[in-house]
Amino acid sequence: MKTKFIVEKIFFGLMIISVILVFAFLGSILITIIRNGWPAMSWDMITQLPGGGFYIGKEGGVLNAIVGSIYIVGASTILGLLISIPIVFFINIYLKNDSKLASITRLSFDVLYGIPSIVYGAFGFTIMIFLGLRTSLLGGIIVITLLIIPIFVRSMDEVARQLPKHLLEASYSLGATRYETIKVAIRQIAPGIATATLLSIGRAIGDAAGVMFTAGFTDSIPTSLDQPAATLPLAIFFQLSSPLPEVRERAYAAALLLTLIVLVLSIVGRMITHRFSKNKIK
Amino acid sequence: MEKGKSVFGHIFKGFNRSSQHDEDISLAEECNRAEDAVIKIENLNIYIRNNHILKNVNLTLHDKKITCIIGPSGCGKTTLLRSINRMIDTTEHLRVEGRVLVSGEDIYDHKAEITHIRKKIGLLSQRPTPLPMSIYDNITYGCRIHGVRSRKVLDATVEKYLKGVNLWEEVKDRLHSPASALSIGQQQRLCLARGLAVEPQFILADESTSALDPISSKHIEDLFAKLRERYGIIMVTHTLRQALRIADYVVFMYMGEVIEQGTAEELFKNPQHELTKQYLSGVFS
Amino acid sequence: MLILTGLSLFLLVAIGIGLFFKSRLILSEHSLWDLLSGSAWKPLSGEFGFLPFIVGTLFVTALSIAIALPISLLSAIFLTEYASSWVKRVVFPIFDILAGIPSVVYGVWGTLIIVPWIADKLGPRFVDYTSGYTVLASGIVLGIMILPILVSLLIEIFTIVPQDYREASASLGATKWQTCSKVILRKAMPGIVAAVVLSISKAFGETIAVLMVCGNYAAIPRSLFDPCYPLPALIANNYGEMLSLPLYESALMFAAFILFFIILVFNIISRWILRNIERSYKM
């Protein structure tokens, strides 16, 4: 047999092994989380606040963290959308293709995208000290918003750049203003916005390092913006460092909960995106 | 370009080295081709997703002749062409019945070795597809994958085949610049040279001049006329005038069937079938 | 819109300046070189050597890429070039979905599976004792964490390579692997580099997952079975105490500045490399 066929066989084997490895690893993660999290999972976990002595294994749940996460993720997603959609339109419709400003903006968003969330956290923390803020819901929202804006801008920009230019021209030639043209463009990139939102929510809900400094942690549900807020990833992290097995088991359950939320979000989002992209002009 | 060799190139180099033993496939040896080379297609039926694309095709394609396959769009010309070097294999839900014999060897036999078949039958596609590498590497790509390593042999190959397609004078000073920098007509000649460099017996051309400007198109056509001395050329063409100019044999297809075949003279001057007559007189196209 | 764009550009500058401003205090106490090359970390007695943390960060990041890149390249090639279309339809979305699993979950998995495995099974074969909380554990957890992202990016990149190249190569008699290794990888190189840059950034700055498995021990790791202490973990672990000691706070902000600076330089360099690749392949 010729060498090239032996090489072909070797690499085919390696590829099969790689694919199996990938699925084995990811499967192992899901199985581990489900197996460890399921026994401690209960209705109380989702509906109760941590009771007295929760962290030494007594009654309670992680409702504080669930609500805190929802507050932070919800608010920062809306803020992020409001800030990043104008930016994407600005660099794609107002600026010319070869604009220097556009390319500098893209470069800086690439860099911002790569900056670790812990750096955002540290930066947010210094700003908060500067402004005299304590760790609070507001601080968490600001940092997470900063963290997800680059995700929004980058993924929407990717879609917006592929906008068929003739579509914009057609809109202009019908006498539409730039503002009206934007509406046409929005319909085209709607699926892009949906995907970007999903990505951002996924990243925002899973991020722990950014909120560690800024949102703090608390056992109650925040009622105003200047109160600290708990988040799911931090709840998992703190409980996991406990020496008591009962508490650690709750961490596993919370991890299972977080995984489920993310998976459900992305599957539902996928279906919505699918629907959106139907009336899109290719 | 050498320095631009990919990171992965380095990783995989080790594996390629081991194939050095078949380096002795030299050009001279390649030239000892069977003189009576011929492609015989017997009862070929091709189905894709239960659509009957080719219906009972029987054909003989000759060496050192130009055979033009003509017919209206969607008649199966391209499928027929792609079945001759098994390029249709990538199509999903494909079913092939019948035989395609190349020098007596059935290429659809399960023991047939597909890379060997394709080496014997070159393909020039509709649009030029220079590989993402230098002009030099494009020409030598075929030789290198078949194990030729000697720098001297490769250099000679590049010069010989670039001269063969009249491209040598235009590019000899920039052999190591990217092939995609060439004009589209030059790219197509480069692709032809690249195909010839693995020393095929036959060349399949799938409307290879349709994407080119008239001058480049004429250039390729002239090359085909010249190459006929050494290779069997099977080309699909949309332009009847092109077929009139260079074809030795003509095959007329309609709805997946071969309606009529014969020498160019017979078929153009005296078509037997009503459909052929109509097609030639431009009733449909 | 211009204002918003301007503000977001300003953000990048502001982060850099803000962090630098905060780390001035420690820079006035110690020279930059001392901070970067010192390996003693005794904040209470005023010794701040960042070398162990920098080495730990780079070691862990490099290891995670070394694990993830070959596996994801081979998987992506298999899934785009070899697998049949129904496999693609089923598998492609799975990777996108898995890419969204939060890093803290990977950390939990690491402490439950990888750390005990290293401590009980793998470690004893090579060294006398290891706690399992090691460079290796961090590298594996990070590597697995970036796998789904890398695979789904690479799949996208390979899918974009036009079919014509595969046919051109195959028609010359190339085997499938020859086509993949010599043509497709080459054509996809700028995309691959960009994808790797993205995953390096991600692995580099990951905090929680690493914090959970790295061992948090401030010394330069000598082997895969030593604990380590990457920069993000350092910042996250000590944020509570830093308010009481101004110099300590400044040191942690300096750590954040180092992270920021490395990411900035890394992005600029990779962009330059990318442009060179694109030029030499003329994409």
Side-chain angles (χ1 to χ4, degrees), chain B residues 1 3-9 11-13 15-16 19 82 85-87 89-90 92-93 113-134 137-138 141-146 176-182 191 194-200 203-204 206, chain C residues 65-66 69-70 72-74 76-77 80-89 154 157-158 160-193 195-197 273-283:
Chain B
M1 204 55 210
K3 75 170 168 22
K5 242 193 175 161
S6 68
V7 183
F8 302 95
I11 299 171
F12 301 132
K13 224 181 226 164
F15 291 93
N16 293 334
S19 62
R82 289 162 63 87
N85 68 345
R86 288 191 57 174
M87 209 48 115
D89 283 18
T90 49
E92 293 209 350
H93 308 282
E113 197 221 282
I114 201 159
T115 59
H116 183 65
I117 294 160
R118 289 182 179 153
K119 188 166 171 289
K120 283 201 292 192
I121 305 171
L123 174 75
L124 190 62
S125 58
Q126 192 166 2
R127 305 184 152 275
T129 50
L131 297 171
M133 43 187 90
S134 69
D137 289 341
N138 256 281
Y141 179 80
C143 304
R144 282 182 289 127
I145 56 175
H146 294 296
H176 294 284
S177 61
S180 50
L182 297 174
C191 291
R194 183 181 66 195
L196 296 178
V198 293
E199 285 291 324
I203 301 167
L204 309 177
D206 187 2
Chain C
I65 294 296
L69 188 58
S72 54
L73 262 181
L74 287 168
I77 292 178
T80 45
E81 309 296 326
Y82 287 76
S84 59
S85 67
W86 70 267
V87 176
K88 293 180 190 170
R89 264 204 309 280
L154 289 175
I157 291 159
F158 291 142
I160 294 172
V161 174
Q163 200 59 31
D164 297 354
Y165 289 104
R166 299 182 178 92
E167 291 198 351
S169 173
S171 74
L172 295 168
T175 62
K176 218 159 189 177
W177 176 252
Q178 282 174 329
T179 303
C180 292
S181 62
K182 292 188 161 74
V183 178
I184 294 177
L185 280 182
R186 210 184 167 98
K187 179 75 190 166
M189 193 50 71
I192 296 173
V193 171
V196 170
V197 167
I273 294 173
L274 216 60
R275 194 172 302 163
N276 274 341
I277 296 178
E278 265 166 26
R279 196 173 299 152
S280 73
Y281 291 170
K282 247 302 175 17
M283 298 304 159

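First the proteins, then the strands, lettered A, B, ... as listed; each starts at 1.
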So, taking the atom named CG in C/Leu172 and the one named CG in B/Leu123, what distance separates them when rounded to the nearest 0.5 Å?
9.0 Å
Once rounded to the nearest 0.5 Å, what's the spacing between atom OG of C/Ser171 and atom CD1 of B/Ile203?
11.5 Å
Contact class of B/Arg86 relative to chain C, heavy atoms under 4.5 angstrom:
neither
For the residue pair C/Glu167 and B/Met87, what are the closest heavy atoms and their distance?
O-CE, 3.2 Å
Below 4.5 Å from any heavy atom of chain C, which atoms of B/Ile121 appear? Answer side chain, backbone, both or neither.
backbone
For a quick test of reading the model, state the closest non-hydrogen atom pair linking B/Glu92 to C/Ser85 and the distance between them.
OE1-OG, 2.8 Å
Would you please name every residue forming a side-chain contact (heavy atoms from CB on, under 4.5 Å) with C/Gln163, sequence neighbours left out?
C/Arg166
Atom of C/Lys182, atom of B/Ile145 and distance for their closest heavy-atom approach
CD-CG2, 3.9 Å
Side chain, backbone, both or neither: which part of B/Ser125 has a non-hydrogen atom closer than 4.5 Å to chain C?
neither
Shortest non-hydrogen contact between B/Thr115 and C/Gly173, atoms and distance:
CB-O, 3.2 Å
Could you report the tightest heavy-atom contact between C/Lys187 and B/Pro132, atom names first, then the distance?
CB-CG, 3.7 Å
Under the side-chain hydrogen bond (donor to acceptor under 3.5 Å, both in side chains) rule, collect the residues that match up with C/Ser169, sequence neighbours excluded.
B/Tyr141, C/Thr179
